[in-house]
Student: 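If you scroll down you'll find the structure; I have some questions about it.
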Amino acid sequence: MTTYREHYQSAMTEPEQFWLHQAHRLPWFQPPKQALQQTGENRYSWFADGQLNCCYMALDYHVAQGRAEQAALIYDSPVTNTQQHFSYQQLLQEVRQCAGTLKSLGVGKGDRVVIYMPMIPEAVIAMLAVARLGAIHSVVFGGFAAHELAIRIDDATPKVVISASCGIEVNKVIAYKPLLDKALALAEHQPDFTLIVQRSQLPVELVEGRDIDWHDALQQACPAECVAVASDDPLYILYTSGTTGKPKGVVRDHGGYAVALNYSMEAIYGVKAGDVFFAASDVGWVVGHSYIVYGPLLAGCTTVLYEGKPIMTPDAGAFWRICQQYQVKVLFAAPTAFRAIRKDDPEASLLQQYDLTALQSIFMAGERLDPSTYEWTTEKTGKPVVDHWWQTESGWPICANLMGVEALPVKPGSSSVPVPGYCIQVLDDSGQPLPANQQGNIAIKLPLAPGCLQTIWGNEARFEAGYLSTFPGYYSSGDGGYIDDDGYVFIMGRTDDVINVAGHRLSTGEMEEIIARHPAVAECCVIGVSDELKGQLPLGLVVMKNGVQLSAEQLEQELVAMVREDIGAVACFKQAKVVEKLPKTRSGKILRKLLRDVADDKDPQIPSTIEDPSCLDDIYTQLKA
Ligand code: COA
Ligand code: AMP
């Protein structure tokens, strides 16, 4: 097969043949004989009769195939001035020791391990070690505050939590251990042990009987070997923002995920074993799971783990330096990273200092790639720039230009065409398919491609209600957009209360729940407003209770502090405006779209159902103040 069309048609018309062929390119303990099995209404299982271990596929297999000396992981940390190479053999050795440690702490198949780590090699080692034992990891992004960590600990009920003494942001050390201690004080569930990586920048005291020093434990451990698991056993739980304060634990399987990622490495990213892949994300996000850890290693590539920012560490040439130094073939980052680089170095003069000959293409995802960032990056680098659309739920791209198969013409603003395995339709609110070029709800016809979420951890009902019941027979993506006459998909934004801040997915509903707890707040709403750098920023609109003696400035400060304390600095919640009244429909629904339009200086369409249009004057004044 040499064209996109051939791949797509084959995956849609002969899915058994197509996906079994892809599956058999990986080293299973027991290769599957069947690709897809329906297990219930709207429920499917991929490669159900297969037995495997993702850690084996990612490490042991490559060592056995002669890649022992090849670099598996390059850790590049400008914030600690460290560069370290791990060969496949070395990484395997570390992972076996870590798995041995976890085993000695009682972790076995199906047990959960929460990982709350900065971008250090131990985070990757921990993930693979958990997978090696057939246990389930749940990585929590290091930028989240103690309260968020506590919610995840209570939901995943881990036997062990793995963390580090600190993380390092630009010019500041973030003490992780106190955050972990606070989370454990808040959580109902208590792990049996915590395993702590002591970093020289901030060594911490360990609690005897509970906290274990990572380095001591790994040195003493007996190495552990891979445990075979069924294809649809869970590999990990990854929490993502929904519309309420309780994040959703997306459950990913082993087999479907491994097959999908391995296919994507070659077909979408156009890389093969031995190539260097640099995903500038964080292991706490899905991009980190799929394209810092599992994807590149399954494919026998070298992955770059970068503990730094696109700018400021030390400058806007950081990505280009890494690309030259490690001969990176594919660079993958969020558009916001390139907007930041463009802001600091508009003429890309730093780029001229580096030789990017090895760089084949640049991929972007996490938020919409606006045409101007696309144009700038294409012009300055001279490389193909590929926008691709996906979600924590899908685990790998849903729409992309398949650079390893056939590079289709680019349409700026579009994340290209559906990836083989996904049947995408645009539906109106009643579930009827819309014609080309008409904007509506982006839905994916069931069954989903391999690699997509199986359920929500411990909450089948939420899986059903959140994704499957809105449009029967379809997965509802929560994104809106349209498909043009040529079949290109344009993702235009969320249709729910999820916003995207610097490529980080956050829930405005969750922020509202926090703000509503303030004793002075009668009513509130949080919307995402456009921001040149971060794509979107949250903005709170608050109605104060009558008779409260508190200035608007003081209330704003307190609300900002509350959101920072509960969600974390990463929420970037910095603005809360006091208004007299929120605009609502006669049935009491807050008119969020109207508010977004006013805040973004778009021509607001005032719906006829508005209860009291006069409240808009005050809102205009506040938002423009
Ligand atoms: N641990 C602790 N704190 C963190 C953190 C982490 N892992 N990541 C971010 N934070 C904190 C930052 O220190 C900052 O705190 P502050 O308010 O005290 O300054 C806050 O969260 C916001 O961080 P960030 O969004 O990174 O903003 P920034 O202004 O420091 O940097 C960019 C701006 C554009 C450079 C940065 O947002 C960026 O690199 N974006 C790309 C993100 C990305 O790769 N997303 C992809 C997911 S696919
Ligand atoms: P996350 O689950 O954190 O990966 O965020 C997924 C959400 O980010 C999607 O539902 C989209 O709203 C947005 N997103 C991701 N990639 C793109 C893209 N290429 N274009 C437009 N939106 C995107």
Side-chain angles (χ1 to χ4, degrees), residues 102 105-117 123 126-127 130 133 135-165 167 174-196 204-212 234-252 284 392 453 455-463 465-466 506-507 509-519 561-571:
L102 292 171
L105 299 179
V107 174
K109 189 172 168 189
D111 291 332
R112 274 80 58 210
V113 175
V114 162
I115 299 174
Y116 181 61
M117 305 272 264
M127 290 166 77
V130 173
L133 297 175
I136 303 166
H137 58 70
S138 186
V139 184
V140 178
F141 174 59
F144 280 130
H147 173 254
E148 289 290 316
L149 178 58
I151 294 176
R152 286 155 175 82
I153 289 174
D154 275 340
D155 199 67
T157 60
K159 267 204 167 149
V160 173
V161 176
I162 307 181
S163 189
S165 57
I174 310 272
Y176 272 44
K177 184 63 171 35
L179 292 171
L180 171 62
D181 289 341
K182 184 169 175 202
L184 292 176
L186 290 170
E188 275 178 32
H189 172 83
Q190 295 298 304
D192 297 341
F193 298 101
T194 73
L195 192 56
I196 308 292
V204 287
E205 290 226 345
L206 301 182
V207 176
E208 219 178 300
R210 187 197 72 184
D211 299 342
I212 295 169
L235 168 65
Y236 66 76
I237 307 165
L238 180 56
Y239 289 88
T240 190
S241 300
T243 49
T244 68
K246 194 173 185 313
K248 302 184 276 197
V250 164
V251 177
R252 187 95 55 221
T392 304
L453 82 169
T455 186
I456 296 300
W457 179 255
N459 203 338
E460 281 283 314
R462 196 168 179 197
F463 176 50
L506 298 162
S507 162
E510 180 171 13
M511 295 182 209
E512 285 174 10
E513 285 179 26
I514 295 167
I515 292 173
R517 287 206 308 262
H518 192 289
M562 281 171 79
V563 174
R564 194 177 168 98
E565 172 71 15
D566 271 19
I567 299 182
V570 74

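Note that these values count all heavy atoms, side chains included, but never hydrogens, waters or copies made by symmetry.
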Student: Once you round to the nearest 0.5 Å, how far does NZ of Lys246 lie from OH of Tyr239?
Tutor: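 Lys246 NZ to Tyr239 OH: 6.5 Å, rounded to 0.5 Å.
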Student: Determine the minimum heavy-atom distance between Ala150 and Ala183, stating which atoms define it.
Tutor: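 Between these two residues, the closest heavy atoms are CB-O, 3.5 Å.
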Student: Any chance you could measure Ile567, atom CD1, to Phe144, atom CZ, to the nearest 0.5 Å?
Tutor: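 Nearest 0.5 Å value for the CD1-CZ distance: 7.5 Å.
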Student: Give me the atom names and distance for the closest heavy-atom approach of Val130 to His137.
Tutor: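 Looking at all heavy atoms of both residues, the shortest contact is CG1-N, 3.5 Å.
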Student: Between Ser138 and Val114 (side chain of the first, backbone of the second, donor and acceptor by atom type, cut-off under 3.5 Å), is there such a pair?
Tutor: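 Side chain of Ser138 to backbone of Val114, a donor-acceptor pair under 3.5 Å: no, none is there.
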Student: Quick check: closest heavy atoms across Leu180 and Ser163, and the distance to 0.1 Å?
Tutor: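 Taking Leu180 first and Ser163 second, the nearest heavy atoms are CD2-CB, 3.8 Å.
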Student: Looking at every heavy atom in both Tyr116 and Phe141, which two are closest together, and how far apart are they?
Tutor: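 Heavy atoms of Tyr116 and Phe141 come nearest at CE1-O, 3.6 Å.
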Student: Where do Ile514 and Met562 come nearest, in terms of heavy atoms and distance?
Tutor: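 Scanning both residues, the minimum pair turns out to be O-CE, 3.3 Å.
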Student: Between CG of Leu453 and CD1 of Ile237, what distance do you get to the nearest 0.5 Å?
Tutor: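 Answer rounded to 0.5 Å: 12.5 Å.
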Student: Atom OG1 of Thr194 and atom CG of Asp211: how far apart are they, to the nearest 0.5 Å?
Tutor: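 Output value for this atom pair is 3.5 Å.
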Student: If you measure from CG on Leu195 to CG on Leu102, what distance do you get to the nearest 0.5 Å?
Tutor: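 Leu195 atom CG to Leu102 atom CG measures 6.5 Å (nearest 0.5 Å).
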Student: Check whether any side-chain heavy atom of Leu179 sits under 4.5 Å from a side-chain heavy atom of Leu149, and report yes or no.
Tutor: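 The answer is no, as the side chains (C-beta and beyond) never meet within the 4.5 Å cut-off.
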Student: Less than 4.0 angstrom from a charged side-chain N to a carboxylate O is my criterion; do Arg210 and Asp181 meet it?
Tutor: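 Yes, this pair counts.
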Student: Enter the distance from Glu510:CD to Ile515:CD1 here, rounded to the nearest 0.5 Å.
Tutor: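 Taking CD in Glu510 and CD1 in Ile515, the distance rounds to 11.0 Å.
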Student: Using a strict cut-off of less than 4.0 Å between a Lys/Arg side-chain nitrogen and an Asp/Glu carboxylate oxygen, indicate whether Arg152 and Glu148 qualify as a salt bridge.
Tutor: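 Between Glu148 and Arg152 there is a salt bridge, with a charged N closer than 4.0 Å to a carboxylate O.
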Student: Working note: Val207 + Lys177, criterion side-chain contact (heavy atoms from CB on, under 4.5 Å); need CA distance, chi angles, decisive distance, verdict.
Tutor: CA-CA 11 Å; Val207 176; Lys177 184 63 171 35; 4.3 Å; yes
Student: Donor-acceptor pair, distance only, cut-off 3.5 Å: does the side chain of His189 make one with the backbone of Pro158?
Tutor: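 Answer holds: yes.
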Student: Just to verify, what does Phe193 make a ring pair (Phe, Tyr, Trp, His ring centres under 6.0 Å) with, not counting sequence neighbours?
Tutor: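 Once residues adjacent in sequence are excluded, Phe193 has no partner under the ring pair (Phe, Tyr, Trp, His ring centres under 6.0 Å) criterion.
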Student: Would you say the side chain of Leu105 lies within less than 4.5 Å of the side chain of Asp192, judging by non-hydrogen atoms?
Tutor: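 Contact flag for Asp192/Leu105 side chains = no.
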Student: Using the rule side chain to side chain contact (heavy atoms under 4.5 Å, CB included), only one of Val160, Val161, Val139 pairs with Ile115; which is it?
Tutor: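 The residue from Val160, Val161, Val139 that satisfies side chain to side chain contact (heavy atoms under 4.5 Å, CB included) with Ile115 turns out to be Val139.
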Student: Distance-only, no hydrogens or angles: does the Glu188 side chain make a donor-acceptor pair with backbone N or O of Asp154 under 3.5 Å?
Tutor: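 No.
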Student: Consider side chain to side chain contact (heavy atoms under 4.5 Å, CB included). Of Ile456, Val251, Val250, which one does Phe463 pass it with?
Tutor: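 Checked Ile456, Val251, Val250 against Phe463; only one passes side chain to side chain contact (heavy atoms under 4.5 Å, CB included): Ile456.
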Student: Which atom names give the shortest non-hydrogen contact between Gly108 and Ala135, and what distance separates them?
Tutor: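 Distance-wise, the nearest heavy atoms are O-CB, 3.5 Å.
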